[in-house]
Amino acid sequence: MSAETQPQSDQLLPDATPPVAPDTGGPPVTERRAREVAEAARETGWTRPSFAKGLYLGNFDLRLIHPHQVSTTADRERGEAFLRDLTSYAATLDGGRIERDAQIPDEYLSGFAALGVFGMKIPREYGGLGLSLTYYGRALMLLSSVHPSIGALISAHQSIGVPEPVKIFGTPEQKQQYLPRCAAGAVTAFLLTEADVGSDPARMGVTATLDGDTYVLNGSKLWTTNGVIAELVVVMAKVPAHDGGKGGISAFVVEADSPGITVENRNTFMGLKGIENGVTRFDNVRVPAANRLGREGQGLKIALTTLNTGRLSIPAICAASGKWSLKIAREWSNARVQWGRPVGQHEAVGQKIAFIGATAFALEAVFELSAALADSNQVDVRIEAALAKLWSSEMACKVADELVQIRGGRGYETADSLRARGERAVAAEQLLRDLRINRIFEGSTEIMHLLIAREAVDAHLSAAGDLASSDADLAAKARAAVGASGFYARWLPKLVAGQGLNPAAYGDFGSLAKHLRFAERSSRRLARNTFLGMGRWQAGLEHKQVFLGRIVDIGAELFAMAAVCTRAELLRSEDPDEGRTAYQLADAFCLQSRGRIGRLFTDLWSNTDSSDRRLSRQVLDGTYTWLEKGIIDQSEGTGPWIAPRPEGPSTRPNLHRNYR
């Protein structure tokens, strides 16, 4: 489980925000300082094109994603051979056992190691399989269908754990030292989040103090997925300034059995019952300076770069849930009869089935397109990956909720209870619980909205300059207005007309062409609305987070529409019969998506945002505490809202274990 930094431009910061002191003994951090830290970690350069970035600027450049990228022959042969072996092994595993025991059995992990699962993305020269992101994601889909905790384990290890940052940022010596171990089955973890540090890394409390040729780590990390069984961990820690440098948040590879490391708690959650997630404590842990990844102060940039493609594990897992939901909905809705007909033939249920079917196709299409783009290395996918994670995590939860509703009382009943009654053990309620975390994993929905919005309005911020700064004087704003007028004089006319107004545009897509024309028109409309928001609120735009969230969501739907159209066309070119039905699914999805887009556009300017903002402040001020009377709060008195930062050696037993 990892947190995401809140991306905002320093141009949009208030000039004097009082420090907010956490109630955990940490140092006070101003809003300005917190955002400066996050902004410094943001990758600002764009050396390669981005389809998704263009969506927000009114540039619907379909050439960047069509024809759909496909795997090379060599990648496909290796990937398919691996999937065949993995499928045979996965069929022998019991997901119900993981759910009941709340642990992935050690023999399952050993089996994964033998197959090379822990080294799927690690280059072959280091003992890995060297699979593409596409086949890595397909393997995650398969494993998550056994139990999502397996997907979480593999993703935390391979997407954001030691292998990925070492592969990208490690020295030749670090790669040779760690990657073969990881490929052979050494489980790894990524440690960023703390009790009062999630999306605000400026408040980070874990320190790494330089002492000769070693760093000394102190502090505690929360929600360390895989931390309970990890052999190696990547730790983000704040290095104090010293004679040799200014320090800053840095990344270290640390041996999990180092003296002074204690896994103090194995956390349990509403879902992902087999997840090995804990609290990891550091007390004077000595880490060789050679274990630092990159430079001092580069830690957050390493984390964010790793997440650029690491986030694609969640769309893959969500695609698996969509496929399973569709299968269960189809089989159940044909078997269950009410009022003389199978329930699926009743319109109210049929509409839910249509939503599940269309969305299942889109979930796979969004993953496949994003992974293929990343594999091609020809485009910058940071926004595509973020959109895929955001959209997939939200839509998969809606699909699971509709499946539970279709199943009725059986949807709320556990698989074990159904089995005990002699019925098919369908774990629909478990799916709903397991998927819920994906709206928080790798950056919550709210943080993803801000991250993507930051990139979406970047061109406006650059053009506006001091117009978007709350502390600029009138003279500076006047000078900025002159510069901005030149940018908008060139840009705005491009938003008037485009291929979406040409009835013959995108003709090679047949019946789907009309949806691509709609997407092109909507992209320009989205850019115009973003410009209107910038003009209306200027420096205040950063506080319009709900408005920005809707802007992002419209772009996400447009990206999904483009993904289903290009995938349907790819499938048609490979197999006309399958392609024909893929076109039907794509058409149904686009019609549903167009409805959601229309509502989002309406909500941009006709909404209850102002009254909601006033109400929320009054709630926080205690105006309505009378409404809370008449209940018993069982949590009251059980502990503080946030645990205080620990100091000194741990007094708890070490729960760390090694499956090997």
Side-chain angles (χ1 to χ4, degrees), residues 1-3 90 93-115 117-120 139-140 143-164 178 181-195 220-236 253-258 261-282 310 313-314 317 430 433-438 440-442 650 652-660:
M1 188 179 296
S2 68
L93 307 180
D94 182 4
R97 177 182 174 187
I98 297 174
E99 187 71 10
R100 289 187 293 275
D101 297 346
Q103 182 173 299
I104 302 172
D106 289 351
E107 61 265 30
Y108 289 10
L109 302 180
S110 297
F112 296 149
L115 285 171
V117 169
F118 292 110
M120 286 189 287
L140 281 181
L143 292 171
S144 296
S145 68
V146 175
H147 196 283
S149 293
I150 301 176
L153 170 85
I154 302 303
S155 173
H157 161 74
Q158 188 106 330
S159 295
I160 60 174
V162 171
E164 193 69 8
Y178 298 119
R181 282 178 62 186
C182 295
V187 175
T188 69
F190 171 79
L191 278 57
L192 171 62
T193 306
E194 299 174 13
S220 181
K221 292 292 185 179
L222 176 63
W223 297 327
T224 58
T225 297
N226 291 356
V228 179
I229 62 172
E231 289 187 32
L232 294 166
V233 296
V234 175
V235 182
M236 296 292 162
V253 179
V254 182
E255 298 281 351
D257 62 355
S258 299
I261 297 182
T262 304
V263 176
E264 294 189 327
N265 196 63
R266 185 176 186 267
N267 304 321
T268 57
F269 303 96
M270 68 181 286
L272 295 184
K273 295 300 184 181
I275 195 171
E276 298 286 357
N277 182 291
V279 176
T280 303
R281 177 88 164 270
F282 302 92
S313 60
I314 289 180
I317 292 169
Q430 180 194 326
R433 289 187 287 105
D434 287 337
L435 284 173
R436 185 59 182 83
I437 187 58
N438 290 329
I440 301 171
F441 262 166
E442 318 298 3
S650 176
R652 298 186 180 185
N654 190 359
L655 302 181
H656 181 264
R657 64 182 181 85
N658 194 334
Y659 82 93
R660 298 203 294 173

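Values reported hereafter were calculated over all heavy atoms of this structure, with side chains retained and with hydrogens, waters and symmetry mates removed. If you're wondering where the values come from, they're calculated on a predicted model, not measured in any experiment.
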Side chain to side chain contact (heavy atoms under 4.5 Å, CB included) with Phe190: which of Met236, Lys221, Glu164? Met236

Passes side chain to side chain contact (heavy atoms under 4.5 Å, CB included), Ile229 versus Leu109? Steps please. CA-CA 11 Å; Ile229 62 172; Leu109 302 180; 4.0 Å; yes

Value for CG (Asp101) from NZ (Lys273), rounded to nearest 0.5 Å, stands at 13.0 Å

Answer whether the closest heavy-atom distance between the side chains of Arg100 and Asp94 falls below 4.5 Å. yes

Would a 4.5 Å heavy-atom cut-off, applied to side chains only, mark Thr280 and Val233 as touching? no

What are the two closest non-hydrogen atoms of Glu442 and Ser155, and how far apart are they? OE2-OG, 4.5 Å

dist Asn438:CG -> Ile317:CD1 (nearest 0.5 Å) comes out at 6.0 Å

If you define the side chain from C-beta out and look only at heavy atoms, does anything of Tyr108 sit under 4.5 Å from Val146? no

What verdict does the side chain to side chain contact (heavy atoms under 4.5 Å, CB included) test give for Arg181 and Val162, after you've listed the backbone C-alpha separation in whole Å, the side-chain angles of each residue and the deciding distance to 0.1 Å? CA-CA 10 Å; Arg181 282 178 62 186; Val162 171; over 6 Å; no

Evaluate side chain to side chain donor-acceptor pair (under 3.5 Å) for Thr262 paired with Asn654, printing each intermediate quantity in order. CA-CA 5 Å; Thr262 304; Asn654 190 359; 5.1 Å; no

Go through the steps for Gln103 and Arg266 under the test side chain to side chain contact (heavy atoms under 4.5 Å, CB included), then give the verdict. CA-CA 11 Å; Gln103 182 173 299; Arg266 185 176 186 267; 4.2 Å; yes

Within the side chain of His157, is there an N or O that forms a donor-acceptor pair under 3.5 Å with the backbone of Phe118? yes

Thr225 and Ala152 have their tightest heavy-atom pair at CG2-O, 4.3 Å

So do the side chains of Gln158 and Ser313 get within less than 4.5 Å of each other, counting heavy atoms only? no

Would you indicate whether the side-chain heavy atoms of Leu222 and Asn267 approach each other to under 4.5 Å? yes

Would you say Val279 and Arg652 make side-chain contact, with heavy atoms under 4.5 Å? no

Candidate pair Glu231 and Arg660, rule side chain to side chain contact (heavy atoms under 4.5 Å, CB included), full reasoning: CA-CA 10 Å; Glu231 289 187 32; Arg660 298 203 294 173; 2.7 Å; yes

Inter-residue atom distance Glu276.CD - Ile104.CD1, 0.5 Å rounding: 7.0 Å

Can you tell if the side chain of Ile314 reaches within under 4.5 Å of the side chain of Phe441, non-hydrogen atoms only? yes

Considering all heavy atoms, the nearest Gln430-Pro148 contact: NE2-CD, 4.1 Å

On a heavy-atom basis, which atom in Ser650 and which in Glu264 lie closest, and how many Å separate them? OG-OE2, 2.6 Å

Which atom pair, heavy atoms only, marks the closest approach of Ala256 to Ala230? CB-O, 3.0 Å

For the backbone of Leu272 and the side chain of Asp434, can you confirm whether one donor and one acceptor N or O come within less than 3.5 Å of each other? yes

Supply the atom-to-atom distance Asn226 CG to Ile160 CD1, rounded to the nearest 0.5 angstrom. 8.5 Å

So do Pro105 and Ile98 actually touch side chain to side chain, heavy atoms under 4.5 Å? yes

Spacing of Phe112 atom CZ and Glu107 atom CD [to the nearest 0.5 Å]: 10.5 Å

Rounded to the nearest 0.5 Å, what's the gap from CG on Leu153 to CG on Leu143? Could you check? 9.5 Å

